[in-house]
Number of protein chains: 2
Amino acid sequence: MFAYHASSANVYGMSGLREQKKAATRTALSWAAVRLTVERGFSAVKVEDIAAAVGVSPRTYNNYFSSKAEAIAFRHLERSLRLAAEVRDGPPDEPLWEAITRASLRQLEPGPEVEHMPPQQPDEWPAGRQAMWAEPALQAELLRANKIAEKELAAAIADRTGRDPEFDLYSRLVAASVMAANNVALELSVEAGQTEPMESLLPRALRMVATGLPTP
Amino acid sequence: MFAYHASSANVYGMSGLREQKKAATRTALSWAAVRLTVERGFSAVKVEDIAAAVGVSPRTYNNYFSSKAEAIAFRHLERSLRLAAEVRDGPPDEPLWEAITRASLRQLEPGPEVEHMPPQQPDEWPAGRQAMWAEPALQAELLRANKIAEKELAAAIADRTGRDPEFDLYSRLVAASVMAANNVALELSVEAGQTEPMESLLPRALRMVATGLPTP
DNA sequence: CTCGGAACTTGCGTGGTACGCATGTTTGCG
DNA sequence: CGCAAACATGCGTACCACGCAAGTTCCGAG
């Protein structure tokens, strides 16, 4: 919880050398956690391994993340928070749903950390990735990351439309529905047998929730 | 994970005396976990306490639930699964969104287990309840329960509308949006300062996601 | 430049959790 | 009635989260 808040602060303002180092360590830990989990499986990865892979003590690991799942979900959280930030910082005259669609599509682009991409067996990556998502403890933490981002998104939407972010039903419903559309599109595209690319599936889903879901 | 699946089986078919006892024990454990957590706070409750309150060994507790959070979230899961079941088992000629609204409102009614209601200090209950929901580990597990129910709901909707529950975008979007509306309405009503009762807030939210969310 | 305090890292110790395994007990069914 | 499967339990193990105190690094004021 603390780690989450501290991190979101780092995403925006990291002035000193100290904070840059902290952000780098947190990112490295999260990335190592993901990589090792995909390679070996969740329960086969010890906290000690993750810490060792980054070169810090296990105790330090727990200063950044309060659980194994949180470390893995951190990258997902950052991506989701970028969506909210994109909506907030986009051109103010842009129609709301255009901003949302643009921001959602932006999430698909790989972040700036993929340069460290070290999958030694890229062909084994998808299977491990799928196994990772199937882990209950992971699912729970990823959903929590989504909800944190949803709260930010609701605030951004309330800002844009000049509403009280605290008590407004519309902002919250839009935020929740947008996250839902994103998740549904992602799940569908991950599952085998789906041919439609995210670039068209995601806007389609967003248009559906925006215009309504009458019984067909 | 196993506990969740076994339980959903019990909700529907529990024929033998054996299965009834199992269901009773699981419900008792879950209820004890909730009660103790509300009274004392999450981290102040040991697994040992929950097991002792029900009269089983700590080891048996872990045969039913694989974590403290899972036990607490179990009641929430059951309620959410009832929503999906209501939609599935409602009159087939009922319009989809009417069925959804009816099923959602049905969730608000207290389940059949409230007869065991033992809050000794009912005035302290709301505060403890709110503290419980604020616990990160709990949030994560509750969200996972929601997602499990969402999957069931999507299947029920696909059934009703004669679609393939596996690859259909519409069913999943409706299910996800309905859960989102339920959650948003619940959150708003729980937070202080909200005067509108759930009985009108929830249908309003559902109508909004059903008919669309254009920029106001 | 340098020095003092704040922030960060680390090792140690503690309490708690999850679960495999083996054993005794209960239940359902032929 | 009696057996096989399911279940409860105790024990032991590995792991994890975190408080505390000591050492180390960084930043900025003087």
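Throughout, protein chains are lettered first and strands after them, A, B, ... in sequence-line order, and every chain is numbered starting at 1.
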> Hey, does B/Y61 have a side-chain heavy atom less than 4.5 Å from the side chain of B/V54?
Replying inline: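 No; the side chains remain at least 4.5 Å from each other.
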Could you tell me the separation between the [atom1] atom of [X] and the [atom2] atom of [N], rounded to a whole number of Å?
| X | N | atom1 | atom2 | answer |
| --- | --- | --- | --- | --- |
| A/Q20 | D/dC27 | CD | P | 9 Å |
| A/R26 | C/dC8 | CZ | C1' | 12 Å |
| B/F42 | C/dG16 | CZ | P | 13 Å |
| A/L29 | D/dC16 | CG | C1' | 16 Å |
| B/K22 | D/dC7 | NZ | P | 4 Å |
| A/N63 | D/dC16 | CG | P | 16 Å |

Please determine, for the side chain of [X], which listed nucleotide ([options]) has the closest atom?
| X | options | result |
| --- | --- | --- |
| B/K21 | D/dT9, D/dG19, C/dT26 | C/dT26 |
| B/Y64 | C/dG11, D/dA8, C/dC19 | D/dA8 |
| B/N62 | D/dC18, C/dC19, D/dA8 | C/dC19 |
| B/S67 | C/dA18, D/dC18, C/dT9 | C/dA18 |
| B/K68 | C/dT17, D/dA17, C/dT10 | C/dT17 |

> So does A/S57 get a side-chain nitrogen or oxygen closer than 4.0 Å to the phosphate oxygens (OP1/OP2) of C/dT10?
Replying inline: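 True: A/S57 side-chain N/O within range (under 4.0 Å) of C/dT10 OP1/OP2.
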>> Taking only side-chain N and O atoms of B/S66, does any of them lie within less than 4.0 angstrom of OP1 or OP2 on C/dA18?
In response: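 So the side-chain polar atoms of B/S66 never come under 4.0 Å of the phosphate oxygens OP1 or OP2 of C/dA18.
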Which pairs, protein N/O on one side and nucleotides 22-24 of chain C N/O on the other, fall under 3.5 Å?
none

> Does A/E141 come within less than 4.0 Å of A/R144, counting only side-chain N to carboxylate O?
Replying inline: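 A/R144 and A/E141: salt-bridged.
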Main-chain N/O of [Y] paired with [X] side-chain donor or acceptor, under 3.5 Å:
| X | Y | result |
| --- | --- | --- |
| B/T27 | B/A23 | yes |
| A/K68 | A/I50 | no |
| A/R160 | A/E94 | yes |

Nearest non-hydrogen partners of [X] and [Y], listed with the distance:
| X | Y | result |
| --- | --- | --- |
| A/A69 | A/A137 | CB-O, 3.9 Å |
| B/L202 | B/A185 | CD1-CB, 3.9 Å |
| A/L29 | A/A51 | CD2-CA, 4.4 Å |
| A/L206 | A/T101 | CD1-CA, 3.8 Å |

> For the helix from C/dC1-D/dG30 to C/dG30-D/dC1, what angle lies between the axis at the first five pairs and the axis at the last five pairs, to 10 degrees?
Replying inline: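 Overall, the helix from C/dC1-D/dG30 to C/dG30-D/dC1 bends by 30° from one end axis to the other.
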>> I'd like to check the salt bridge (Lys or Arg N to Asp or Glu O under 4.0 Å) partners of B/E124; sequence neighbours left out, ordered by chain and number.
In response: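 B/E124 satisfies salt bridge (Lys or Arg N to Asp or Glu O under 4.0 Å) with no residue once adjacent residues are dropped.
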> Under 3.5 Å, is there an N or O donor on one side and an acceptor on the other linking the side chain of B/R59 and the base of D/dG12?
Replying inline: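 Such a pair does not exist between side chain and base.
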> Tell me the salt bridge (charged side-chain N to carboxylate O under 4.0 Å, His left out) pairs involving residues 162-180 of chain B, sequence neighbours left out?
Replying inline: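 As it turns out, the salt bridge (charged side-chain N to carboxylate O under 4.0 Å, His left out) pairs with a partner in residues 162-180 of chain B, which skip direct neighbours, are A/E187-B/R172, A/E191-B/R172, B/R163-B/D168.
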>> Show me the pairs that pass salt bridge (charged side-chain N to carboxylate O under 4.0 Å, His left out) and involve residues 47-57 of chain A, at least two apart or across chains.
In response: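 As it turns out, the salt bridge (charged side-chain N to carboxylate O under 4.0 Å, His left out) pairs with a partner in residues 47-57 of chain A, which skip direct neighbours, are A/R40-A/D49.
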>> Can you list, in residue-number order, the parts of residues 44-54 of chain A that come under 4.0 Å of DNA chain D, counting heavy atoms only?
In response: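 A/V45, A/K46, A/V47, in order of number.
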